[in-house]
Amino acid sequence: MSDIEFDIVVVGAGHAGCEAALAAARMGARTCLTTMSLDSVARMSCNPAIGGLAKGQLVREIDALGGEMGRAIDATGVQFRMINTAKGPAMHSPRAQADRNAYHVAMKRRLEAQDGLLLRQGMVTGLIVEDGAVRGVRTHDEDVCRARAVILTTGTFLNGVLHLGPDIVAGGRMGEPAAVGLSESLRRVGLGVSRFKTDTPPRVNGRTVDFDRLEPQPGDLEPRPFSFSTERIECEQLPCYMTYTNPRTHEIIRSALDRAPLYDGQIKAGLGPRYCPSIEVKVLRFPDKQRHLLFLEPEGRDTLEVYCNGLFTSLPRDVQEDMVHSIEGLETAQIMRYGYAVEYDWVPPTQLRPSLETKCVEGLFHAGQINGTSGYEEAAAQGLMAGINAARKLRGDEPLVLGRDEAYVGVLIDDLVTRGTEEPYRMFTSLAEHRLLLRQDNADRRLMRYGRENGLVSDGLWGALQRKEADIAAVTQYMERTGRDGRTLRELLRRPEVTLEMLAEQDARLAELATDPAVREQVEIEAKYEGYLKRQLAQVEKFRRREEARIPAWLDYDAIPELRAEAREKLSRAQPASLGQASRISGIAPADIAILMVYMEGRRRLRVDAPEPVRPTRED
């Protein structure tokens with residue numbers, strides 16, 4: 001690589017790295033994607049699935065912005081379900097079971113076919129930083145790759161250590177080496193590095209599972225695609241199955257805790273993800289619970305391997321054998337791969353700007369698990385935004401920073417860079433205060449304009465959105481001016497028992513206008529939830545006023561004696577760009593914000609005629 005100079009180097013080819021590299025190359029940046037193994041591009045290290053609660057919204061947003069994940073899962077999924085359909089539309093989330101190998105192959109092929117993108121195999125061991133700005137990377141064989149921007153998407157590989165009972169081996173994934181050297185390079189440039197851990201479950205041979213005794217979970221009869229560019233899903237869907245642990249399972253686990261790496265002191269990095277805990281943690285955390293739900297999920301069409309979702313563990317092999325065989329349907333199951341835990345380095349994301357560029361090194365971006373997140377979808381969303389912003393930076397453009405009222409992607413990144421995280425971060429609908437506006441069904445209407453502005457949305461897809469918007473407006477206008485029984489059709493549609501389809505059956509013109517199911521869905525949601533939407537929009541306007549109250553770069557928090565010492569310290573470290581961002585910093589109280597507002601107003605009045613000193617710019 002030493003004979004080539006790139007615009008952008010992306011380190012790591014997981015879900016974050018793939019999106020970052022594709023976005024950067026499609027925006028015209030000469031991009032190199034380097035990874036330790038090209039045979040592991042877009043590997044699903046854990047659950048072979050895409051989407052789910054809040055994660056499905058992220059995937060649709062990635063697609064609307066011009067990312068690849070939605071298209072890839074539409075092409076390779078083996079089961080598609082819309083979950084939470086019994087609840088309101090804000091809670092509906094698409095989920096797909098993936099063919100693990102087919103997804104990897106499809107994404108690798110898309111990377112290989114992308115103009116302006118070079119794939120290279122090799123381990124990056126250090127950064128090249130000159131005068132506070134990144135200038136490239138160095139590999140394990142001392143090869144040098146020059147670049148004006150670098151995006152680190154290292155997953156669980158930074159100083160990764162695997163635990164399977166008493167066995168400890170360096171690695172970022174079973175059978176793959178750890179990335180060494182890069183963590184120390186990050187420390188040398190001034191970045192703090194911490195440690196997390198996560199678990200995987202055992203996989204079993206489906207031939208040896210008694211599925212007849214288990215409850216099947218089929219896919220939807222009319223599966224809905226993730227990508228707005230996919231017309232329909234046409235594939236044979238494979239079933240998943242449900243089973244449960246039982247008191248015998250729990251007793252096996254409790255009796256082996258003295259041999260559990262998580263509890264015998266072998267693992268140092270804590271308990272791991274709160275909402276995806278190991279089975280050892282669940283058994284101890286809920287001692288009165290008699291059983292825990294497990295999902296048996298196919299790994300793909302061309303394999304009988306089955307993923308035991310919910311049975312995450314690092315217990316010794318013999319304990320895993322006893323544990324699995326105590327579960328209904330798995331009494332004679334053959335374990336093909338044992339579960340294990342992985343400890344890895346990560347970089348607390350409060351050291352990043354909202355663009356995902358590090359504060360201490362210009363041109364260095366982080367995305368994915370290096371920022372303390374868990375999940376393919378969270379990683380892909382960050383990778384896409386890092387790729388976009390790295391390319392925009394090289395163009396001299398302002399970064400693209402999505403608001404919390406615009407996207408789950410905005411909520412995710414704002415939470416990370418403002419609040420940080422004490423455990424692997426997972427996206428939930430409850431974290432989005434404006435979730436009724438951020439539905440999976442309207443991601444194209446919210447975000448596709450940003451993808452279009454950055455050259456990531458095709459003419460055809462953009463034209464389809466314009467036609468959709470015109471059709472929504474036409475149907476809405478017709479319903480507002482057409483009456484029946486003393487009420488407009490739109491007023492009638494607000495009734496819980498009335499659907500647009502019912503009204504269209506009695507009105508030929510309405511049926512002619514509303515032929516597209518996606519159009520009907522938007523019109524119906526906006527009519528039925530009009531009052532809620534108006535209230536949420538009013539909240540957004542109030543929220544934006546605080547977000548638009550910019551904190552000037554010249555402000556010195558140490559010069560505000562009224563602020564508490566803790567507030568001065570945290571504000572100085574975080575350097576928030578607005579009062580809204582400052583208010584979301586952990587430990588910052590409303591009284592601190594009030595003091596800050598008064599001080600800013602007073603200082604502005606004093607400085608109205610005074611020239612401002614030159615200070616380094618801070619991104620929004």
Side-chain angles (χ1 to χ4, degrees), residues 1-38 40-42 68 107-108 110-112 114-155 157-158 172 179-186 188-189 191 345 347 352-353 355-358 360-371 379-380 382-395 399:
M1 285 192 293
S2 57
D3 58 339
I4 305 177
E5 185 165 331
F6 298 94
D7 294 318
I8 297 172
V9 169
V10 180
V11 179
H15 303 279
C18 290
E19 296 290 354
L22 287 170
R26 289 167 178 171
M27 290 176 67
R30 295 169 300 159
T31 305
C32 176
L33 175 59
T34 178
T35 180
M36 289 191 292
S37 173
L38 288 173
S40 299
V41 168
E68 199 64 33
M107 191 65 82
K108 182 170 182 282
R110 292 163 201 232
L111 292 166
E112 293 168 339
Q114 179 60 50
D115 290 338
L117 176 60
L118 174 67
L119 275 69
R120 281 288 176 87
Q121 184 165 290
M123 181 190 296
V124 170
T125 56
L127 300 171
I128 301 171
V129 177
E130 299 170 359
D131 300 323
V134 74
R135 292 291 180 260
V137 298
R138 183 174 288 104
T139 65
H140 69 289
D141 55 4
E142 292 304 312
D143 199 3
V144 170
C145 181
R146 290 276 174 179
R148 295 190 289 155
V150 171
I151 305 172
L152 298 183
T153 67
T154 50
F157 284 79
L158 277 184
V180 296
L182 189 52
S183 290
E184 193 53 42
S185 182
L186 291 169
R188 282 198 299 269
V189 299
L191 288 163
D345 286 347
V347 180
L352 302 177
R353 305 182 192 280
S355 63
L356 297 179
E357 183 181 18
T358 62
C360 65
V361 180
E362 185 180 357
L364 177 62
F365 294 77
H366 291 179
Q369 283 178 286
I370 191 173
N371 289 338
Q382 294 170 72
L384 176 62
M385 296 305 293
I388 290 172
N389 282 327
R392 288 177 68 90
K393 182 178 180 69
L394 299 188
R395 291 177 177 176

In short, Cys18 meets Val41 closest at the heavy-atom pair SG-CG1, 3.8 Å
Which residue, Glu362, Arg148, Arg146, forms the side-chain contact (heavy atoms from CB on, under 4.5 Å) with Arg135?
-> Arg146
Close side-chain approach of Leu152 to Leu186, heavy-atom, < 4.5 Å = yes
Compare every heavy atom of Gln121 with every heavy atom of Ser37, then report the nearest pair and how far apart it is.
-> CA-OE1, 3.5 Å
Working to the nearest 0.5 Å, report the span between OG1 of Thr35 and CZ of Arg120.
-> 13.5 Å
Spell out, as yes or no, whether a donor-acceptor pair under 3.5 Å connects the side chain of Asn389 to the backbone of Ser355.
-> yes
Polar side-chain atom of Arg110 near backbone of Leu22 as donor-acceptor pair, under 3.5 Å | no
Going by heavy atoms in the side chains, are Thr34 and Leu118 under 4.5 Å from each other?
-> no
Begin from the C-alpha positions of His15 and Met107 and carry the test side chain to side chain contact (heavy atoms under 4.5 Å, CB included) through to its verdict.
-> CA-CA 9 Å; His15 303 279; Met107 191 65 82; 5.7 Å; no
Mind running side chain to side chain contact (heavy atoms under 4.5 Å, CB included) on Glu68 and Arg26 for me, showing each step along the way?
-> CA-CA 12 Å; Glu68 199 64 33; Arg26 289 167 178 171; 2.8 Å; yes
Say whether, by atom type as modelled, one donor and one acceptor occur between the side chain of Thr153 and the main chain of Val11 under 3.5 angstrom.
-> yes
Just by distance, do the side chain of Arg30 and the backbone of Glu5 share a donor-acceptor pair under 3.5 Å?
-> yes
May I have the step-by-step check of side chain to side chain contact (heavy atoms under 4.5 Å, CB included) for Leu191 and Leu364, ending in yes or no?
-> CA-CA 11 Å; Leu191 288 163; Leu364 177 62; 4.1 Å; yes
Going by heavy atoms in the side chains, are Val361 and Leu127 under 4.5 Å from each other?
-> no
Student check: side-chain heavy atoms of Leu38 and Lys108 closer than 4.5 Å = yes
Between Ala386 and Ile151, which heavy-atom pair has the shortest distance, and what is it?
-> O-CD1, 3.7 Å
May I ask you to decide if Gly363's main-chain N or O and Glu357's side chain share a donor-acceptor pair within less than 3.5 Å?
-> yes
Correct closest heavy-atom pair for Asp7 and Gly28 would be OD2-O, 4.3 Å
Roughly how far, to the nearest 0.5 Å, is CD of Gln382 from CG of Leu352?
-> 8.5 Å
Please answer whether the main-chain N or O of Leu117 pairs with a side-chain N or O of Thr31 as donor and acceptor at a distance below 3.5 Å.
-> no
For the pair Thr125 (side chain) and Gly181 (backbone), establish whether a donor and an acceptor sit closer than 3.5 Å, ignoring hydrogens and angles.
-> no
Any side-chain heavy-atom pair of Asn371 and Leu356 under 4.5 Å = yes
Does the Thr154 side chain pair with the main chain of Ile370, one donor and one acceptor, at a distance under 3.5 Å?
-> no
Value for OG1 (Thr358) from NE2 (His366), rounded to nearest 0.5 Å, stands at 5.5 Å
Taking every non-hydrogen atom, the tightest pair across Val189 and Cys360 = O-SG, 3.6 Å
Minimum-distance pair of heavy atoms, taken over all atoms of Lys393 and Phe365 = CD-CZ, 4.1 Å
